[in-house]
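Data first, discussion second: the structure below is written as structure tokens.
In what follows, chains carry the letters A, B, and so on, assigned in the order in which the sequence lines appear, proteins first and then strands, with residues in each chain numbered from 1.
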Amino acid sequence: MIALLAHLSQVIAPPVVEAPIPTPELVFQPILPEIALCVAGIVGMLYEAFARRGTRSVHMAIAMIGLFAAGLAAVRLWNWDGVPFVMGDTVAVDRFSVLATVVLVLVAAFACIFATHEAGRRPSSLRGEFYPLVLFATAGMTLIVAANDLIVVFLALEILSLALYVLTGMGGRRSNEAAVKYFLLGAFSSAFFLYGVAMAYGATGSTKITSIVAALAGQTTSPSLALLAMGLLVIGFGFKVSAAPFHMWTPDVYQGAPTPVVAFMSAATKVAAFFALMRVFDVALQPLTLDWTPVAYGLAVVSVLVGALLAATQRDVKRMLAYSSVAHAGFILAGLTSANATGIRAAMFYLIAYSVMTVGAFGVTMLVATKTAEPSSYDSYEGLAARSPGLAALMTVFLLSLAGIPPTVGFIAKLSVFSSAAVAGNWPLVLVCVLASVIAAYAYLRVIVRMYFREPHGETSDDTSLVPQLAGLVLAVTVVVLGVFPRLLSGIIERASILRW
Amino acid sequence: MSEHLLSVVIFLPLLGVVGLLMGGRQVSDAGARWITMMATLATFAVSLTVLQRFVAADPGFQLVEQASWLPGIGLQYLVGIDGISLWLVLLTTFLFPISVLASWKVGTDVRRYMIAMLVLETAVLGSFLALDLIVFFIFFEAILVPMYLLIGGWGGERRVYAAVKFFVYTMAGSAFLLLAIIFLYAKASGVGAGTFDVRVLADTAATLPVETARWLFLAFFVAFAVKVPLFPLHTWLPDAHTEAPTAGSVLLAGVLLKVGAYGLIRFNMALFPEASKHFAMAVSVLAVIGIVYGAICALSQRDVKRLVAYSSVSHLGFVVLGLFAFTEQAVTGGVLQMVNHGLATGALFLLVGMIYERTHTRELDEMGGLAGVMPWLLGFFLFAVFASVGLPGLNGFIGEFLVIVGTFAVSHWLAVCAASAIVLGAIYLLWSYQRVAFGPLRDEHRGLPDVSIREVALLAPVLALLLAFGVYPKALTTAIDPATKQVVERVAPDHATSVLPAGTEQAANTGGGG
Amino acid sequence: MPLDNVVFWVFAPIAIASAVGMLVMRNVVHAALFLIVNFGCIAVMYLLLDAPFLFAVQIVVYAGAIMVLFLFVIMLLGVDRDDVRTERLFLQRPLAIVLAVGFVAEISVAVRAGVGFATLAPAGFEQLQPAGNAQAVAEVLFRDYFFPFEVTSILLIVAAIAAMVLAQRNVRAVTQAELDTVADPDPVVAP
Amino acid sequence: MVETLRSHDVAALWVIPALPLAAAFVNLFLGKRLGRWSGVIATLAVIGSFAVSVSLVGDLLSRPADERLALQHLFDWISVGGFRVGADLRLDALSATMILVVTGIGSLIHLYSINYMAHDERRGRYFSYLNLFVFFMLMLVLGANYLVLYLGWEGVGLCSFLLIGFWFDKPGNAEAAKKAFITTRIGDTLMLIGLALLVFTFGTLDFEPIFGSAASVLTKDSATVIALLLFAGAIGKSAQLPLQVWLPDAMAGPTPVSALIHAATMVTAGVYLVIRSHVLFEVSGVALTVVLVIGVATALFAATCAIAQYDIKRVLAYSTISQLGYMFIAVGMRAYAVAMFFLVAHAFYKALMFLGAGSVIHGMDGEQDMRSMGGLRRAMPITFVTFMIGALAQAGIPPLAGFFAKDALLEVAQHSGRGVVYVLATIAAFLTAFYLGRMLIMTFFGTPRSEAAEHAHESSPEMWVPLAILAGGVAIGGVLELSPDGRLAGYLEPVVGVLDDGSGLAFLALAGIAVAVAVVSLAVTWWIYGSGKVDPVAFRARLEPMATAAQHGWYVDRAYDVVFIQPAKALARMTGDVVDAKVIDGAVNGVAGLVKRVASGGRLVQTGFVRTYALVLFVGAVLVLGYVGVRV
Amino acid sequence: MRTPIAYFLLLAGLLFAMGTVGVLINRNALRIFMSVELQLNAVNLTLVAFARMHGDLTGQVLAFFSMVVAAAEVVVGLAIIVTIYRSRRSVDVDDVREMRW
């Protein structure tokens, strides 16, 4: 608060030159999205605090306005021609981050829609703070993808983590368990991350991505500390993107957390963390490319195998999707092993595709078998097609896309990732990935089998209300349309994949 | 329309899907049937215009459509048709209305069933027409889903097992395909602009080191061998066939298996001629094993559908044998055999389905004497049986004969072994026919109705073609020949592209009929 | 032997010992106290490294605020009795130790290669901060790092909200309610 | 030796096969409605094509000898990369002879069938199959290349299958039908390989270029291979050793069918094939010897079997096999004209006897066992007389056609210095006369041995008129031919070339011997079966177990069953139920199972203990940093 | 000063490792959390040491930030632990394993 007021004062009164500490001139437009989100968050918080009986619609409205504003602000940055780095060179302004911001905002919006519905059904499940927290988390994410300074990356990471810990714990008993696991492991891993930041600083005497790359490129410093930093940062990022073996938290958290929250975090966290990872590794550690690509390689192999294999044995949809998200992290890493523009584009495409599918999948999951004790267990999906064909159809689209079956966007995503890895000559990796995707396909197939080929048993009923199904439909259509006309997306990515440094 | 003819053919069925979806729950079952029927018939009509605009003499691709799709990786929408794909496309568009008619009796989730059918048609047509490897792969993979739903949703007792087996087995195969495609692409982008255009990649592949090309060949081969299916990768087929609904079996045998064989000739041979020659003997041996093995397995089956399924294994062995003999006669025979097998086995499955609808059993032991109660149905059945036994004058014969003749030039012994299957084929098919049609009639089968008008309507065209293509196969070969000639000359420029001994061309041309 | 060396060699062992103590103490309160000791030692290290400002902050924030908060929670929950310290997980402790050793080894290898065990810090660090360490830190903080500083404000807001949300009683009510509906799938078993 | 004929096109050739085909379709689809008329239509169709044939043959014979070749090119059947096979018809002396036999005897048998099948409600099917058979048979003999020939070849097989199994509700019949088709199919497949070999060597399947260039293109060995492969087809179709097993069972079909298909026409297709491709056989030479040996063996073998039969139709069946053996003997000796003459004569008298037997069976209400017949000559005189003529003809009693045929054959054997063949053939002739006599006596002489035999009645005119006509043909048939270089030989000369006439015993001497043999053997039969001085049953008992063995065709069937069929079935069961299900599919499922097991193993790492997770995380961390440490 | 920077770094590394061990072997959520704090302190020490090595103050500022973060984390963490204690009457993380496999 204080800090905010402080800089508000600075906004009002431009800093005087003979101030004891000269403040650099400020350009606010690039951080307008974050500001919008935070303001909306604070407003929401105040509303929750002071409105006696706060209604969700108001919360929803506030959140939507904030998200919309943020999105708008981000889009207006698309053709930014000002200084590339602002806020004392701690924030980069480029289309890379703009694209990410837009995606994150959209994901958040969908999450809010689902959450509003969920909460409407079970008032106890999600409380008013959900919206501010999502907004702050989004702010952290948009910040992390734009950060040009490792410390900002770290802070943003913490913002989104804290918010997510709380969101995870917002549900019932299981969500508490999820929260505590997520928190303890998260804190643990962020310690590694911070250690990495420290090592990076030790190696280069700075934490600014641009100066790090300059320093490393200049070879003035010993690479060994930088390598150490790289290793530790990998651990931190690996945890966030849930790449094996840093993925252990994922299944439990995804299963335990409230579904809308999972929908949000599964997509948004991956996008944010991966975009940040790309910036850090492809820019800051670019001189060490030959050193970190093998690591990504190894993580990719482990992730796809673990994700696919374990997904194939699950009996709970949310858990299965969790493992599949591990596998997908592996695929994305596979794309990054090529460490070139194509790889980055492929990874970006994959991330966006993945967020569409996974948000949709979790959205549907939220609606299935709402009355039962174990809504997300496979049993609840038996005969879904007969019970409520609409949901079954949506789920099928998302699952097929996750499995990478044409003509869904999932296929195009896998294709571009694989081909980039292949062009880079990482053969064994591509082979492993392809085989893993077959196994993963089997995993998704098990759900489809239950939805279509089994008789519904018991008196399970699904929530087939319009709004969430509509949202799901939009996502499903996106999945297919992007699968048939990938240019719509790849064209944008083409122009967004240039990192400034 | 005209310049996008092929796209129209491919995507017309989807129009029906749109219709069914738009209609939503309001569409009655009957309505769904009719919409689907119309869509498939329209597709057939359009494909006929393709036939009419097709220039038989031109060996290259015709009616090509090209559009950049995903420039980032040089992916483009590229379709075209040549003599090889022409008849397969027509076979597809022809069999689909018939299958729809055959599934008129389907009562559960008619809409979903029909949607699956239409999607399937688009996928199959697409894979026959695609000239861009990825576009092909997309359609190739897209086949899986609707077929999977058809088997798993409307199949027999062990349908789920069969469906999953079918899906995973085929997908595992195509994984290698994708891998190889990507590798090829990587190499191509190393040379020039990255592309998946078969015609371009063919040149790229030529620059590859021999070893690499052979590995790629194998990767492609596995995918297609699973689909064909070639011994020993065939075990998914009997299960799928047995459990699938009638229309499913018809399309599986009539069309889907052809995609594999088509892939072999269109991609394996076009892209890796050297490797194709290098592996030709091995593949041919596998094919012959498949021919004999399938026949022997068929001998021991008690379930009619399983029996026909194994006979498919045997017959498609002929196809592969022909393709890899690299003599013009054999390859043309192989392609011919694809079409003919599609028709003959399709007819068989239709008839088996009708018998099943009446007797509610597929067990040979539980039938017998049916020729007495339904003479016409069993008459048609016999007709189809003899067509696939390879009786001269019916379409099964020409293909087999050409394959054997063509293989003779390469290896006498392979040809002889393959020929032995002709006897076996006669044995198991006649044996099964005898057990279905002859002998004493079982009491529970008394008074079963003979063929209905609908059934005659859907059988007649197929049977007519069985006869027509047997009497005048030239109708097909004139279009097929130039294309295969090109393939053969590409693969084996040095090696005799025709079985004819040098100098006898003249005699051959003037001799006939004086 | 110069003074700072002496100080280092006195306090480093204490730091390590207190850390060990924190690990081995049966009672969580004792563990917390040992941790405070450890923090104190680290504060001294800051002093050695010419960071008096951080020395102060360390004492105030960590030893003062954070650890007090810990103790407060311990008392609040009344979990200040001895912990059960039997290990139920197979190979957990040996693996932990071994891995930790490996970790240290790796760090030291890297440090040796990157910094060298003998290299001394450059002299003249004081010249950088004429107006005193705090002033200097403040300059860096508000000139180069004012934006992260703003960001921390958001972080604190989030923390505040988090505390509010989690501390609300009705969360528990909900969990209680769900405790009745959701049956515990199966009792905990040691693998 | 074959001077190439100058050919001319004949537009009407296609009519000959087309008529029966059309009738077949009419009967197939309208059979039920036509009722009795179906038979009439069928018969008219065949008679029609007979008429056309006669006119065309007349036209052909009106031309000079070296122009007696009529061709008609209907359309290109196959045309792939220079390899071209037309749907071509060819009429020359050889095929002329055949089509006359086929359509001529065919129409008589059709006529006969009208009444014979009168009471069967599926007669529409019957006649359409019968017509279809005539069509295919005509294609077989009219084909101008091996593929068209093969078309007919397989087609007649199909019709024989359909007609043997016509009364399919009796399981045995279906079995026999299948057996017939598959057994012949074995030969056919070998023949198909032969065709492939022909294409491979000649690049065409047309008769003209092949025979024209055979001598120059073929080596002796390749000629042998091709010839033997073709002969294999002939063996199957003509029921020669070792594929003779199907013909006796084929008697399950309606008797007219046996008469037309399994006596007069289809089974002689083998002989036709060999004669048609005699050029190839001659280039080889060895092949001809093989033909000769097989012929002799079969003639003797089948004769012995015929002696022991009780079922009248089985006697005829074995005698047919034996007679076909004779024809192959002739062919093997390059006496093609003789073979053809034998073929024609045999067609007449064997059809006659079959129809006669049919009339007997008809009169006996379906009884076929000769033991319950006897004394029928009073009940059915016409049948008796005609049947007798046929039997005597085959036994070789002058001046009936059979005599001249057999005599010519023996003469050739003798003159060409093939003493062994002559002797064996003579022995076979003795046996022939013996079983014919036995059959005659058991059927028509003595006293009725059953109810049915006493109340047997003469058949109606529709049935005996054909008998009469055929009998006439047999009687005057000999006039066609008074010596090996007679008329028919003259006609055939352009096609099959002249027979180089050796020297040996005089014609009359040979004839005398032949007749003597026949008469003696008939006398013996009379002594055994007719005179009553010998008890046939005891006599047979003395010959056991030979007699029973002979009755069962020397157990060849059972041998095949044990040696081939049962092992094959076992193999099939093994492959289908064990290899495919367990081994190959087992491997597939095994892989899947393995993956599953691995996965469920890995699943256990997810213990739910947060500290385990932390540990795993730390392991990963140490590994990554370890890699870094290596890199440093 | 004469103490080689490496000593501080190694000390930090050692403490970090001990913190890690603490996380791994403790069942009490609070202890685990304390161990995490120990890790963070080790990192701070590293930062300050590097600051000294490079002779600029950024490192100290970073350390300052990390303290702020630590504080925030503690707030949230303790709150979560409190909730878990409420629903389970225990802070033993080994009891928290409803979800597994």
Side-chain angles (χ1 to χ4, degrees), chain C residues 2 4-5 8 12 16 19 23 28 31-32 35 39 42 45-46 48-51 54 57 61 66 69-70 73-74 77 79 83 88 92-93 96-97 100 103-104 107-108 111 115 117-122 125 136-137 140-141 145 148 152 155-156 159 162-163 166-167 171-172 175 184-185 188, chain E residues 1-11 13-15 17-22 24-25 27-28 30-31 34 37-38 41 44-45 48-49 51-53 55-58 60-61 63-65 67-72 74-76 78-83 85-87 91-92 94-95 97-98:
Chain C
D4 49 9
N5 268 0
F8 179 84
I16 295 167
L23 294 184
V28 63
L35 189 56
F39 289 169
I42 291 177
M45 295 296 161
Y46 292 161
L48 282 180
L49 292 166
D50 306 324
L54 284 181
V57 178
V61 175
I66 296 184
L69 193 54
F70 264 98
V73 171
I74 294 171
L77 303 184
V79 290
D83 293 355
R88 61 201 296 193
Q92 181 84 359
R93 285 185 187 172
I97 311 281
F103 183 81
V104 174
I107 296 286
S108 42
V111 168
V115 182
F117 283 161
T119 42
L120 297 176
F125 192 52
V137 169
V140 177
L141 184 58
Y145 288 92
T152 51
L155 185 65
L156 293 171
L166 294 167
V171 171
R172 185 194 164 188
T175 57
D184 196 339
V188 178
Chain E
M1 57 170 261
R2 305 271 162 61
T3 321
I5 293 297
Y7 291 6
F8 294 93
L9 298 176
L10 292 180
L11 175 62
L14 200 54
L15 292 177
M18 296 172 85
T20 317
V21 173
L24 295 180
I25 69 173
R27 294 171 55 178
N28 182 329
L30 288 160
R31 280 171 176 274
M34 285 191 229
E37 292 301 323
L38 179 56
N41 270 273
N44 290 351
L45 181 53
V48 178
R52 183 69 186 78
M53 183 178 92
D56 79 329
L57 289 165
T58 317
Q60 297 190 12
V61 174
F64 173 77
F65 277 124
M67 288 183 188
V68 178
V69 171
V74 167
V75 172
V76 178
L78 288 178
I80 289 178
I81 293 174
V82 168
T83 55
Y85 179 81
R86 279 188 188 147
S87 64
V91 290
D92 186 338
D94 287 5
D95 301 344
R97 61 187 290 258
E98 265 181 33

Q) Taking all non-hydrogen atoms of both residues, which atom of C:D50 and which atom of E:Q60 are closest, and how far apart? A) O-NE2, 3.3 Å

(Q) Before we go on, tell me: are the rings of E:F8 and C:F8 under 6.0 Å apart, centre to centre? (A) yes

(Q) To check you understand the geometry: which heavy-atom pair defines the closest contact between C:L166 and E:R86, and what is its length? (A) O-NH1, 3.5 Å

Q: Of all the heavy-atom pairs spanning C:A121 and E:R52, show the shortest one and how long it is.
A: CB-NH1, 3.5 Å

Q: Any chance you could measure C:T152, atom OG1, to E:F64, atom CZ, to the nearest 0.5 Å?
A: 7.0 Å

Q) What part of C:Y145 lies closer than 4.5 angstrom to a heavy atom of chain E: side chain, backbone, both or neither? A) both

Q) With C:Y46, which residues qualify under ring-ring contact (aromatic ring centres under 6.0 Å, His included), at least two apart? A) none

Q: Answer with side chain, backbone, both or neither: which region of C:V73 has an atom nearer than 4.5 Å to a non-hydrogen atom of chain E?
A: side chain

Q) Rounded to the nearest 0.5 Å, how far does CG of C:L69 lie from CG of E:L78? A) 5.0 Å

Q) Which atoms form the tightest heavy-atom contact between C:A100 and E:A17, and what is the distance? A) O-CB, 4.1 Å

Q: Working to the nearest 0.5 Å, report the span between CD1 of C:I97 and CE of E:M18.
A: 9.0 Å

**Q.** Engaged part of C:I16 at the chain E interface, taking heavy atoms whose separation is under 4.5 Å
**A.** both

Q.
Looking at C:L77, is its backbone amide N or carbonyl O close enough to the side chain of E:Y85 to form a donor-acceptor pair, meaning the two atoms are under 3.5 Å apart?
A. yes

Q: Report the option among E:N41, E:V75, E:V74, E:V48 that has the most heavy-atom pairs separated by less than 4.5 Å from atoms of chain C.
A: E:N41

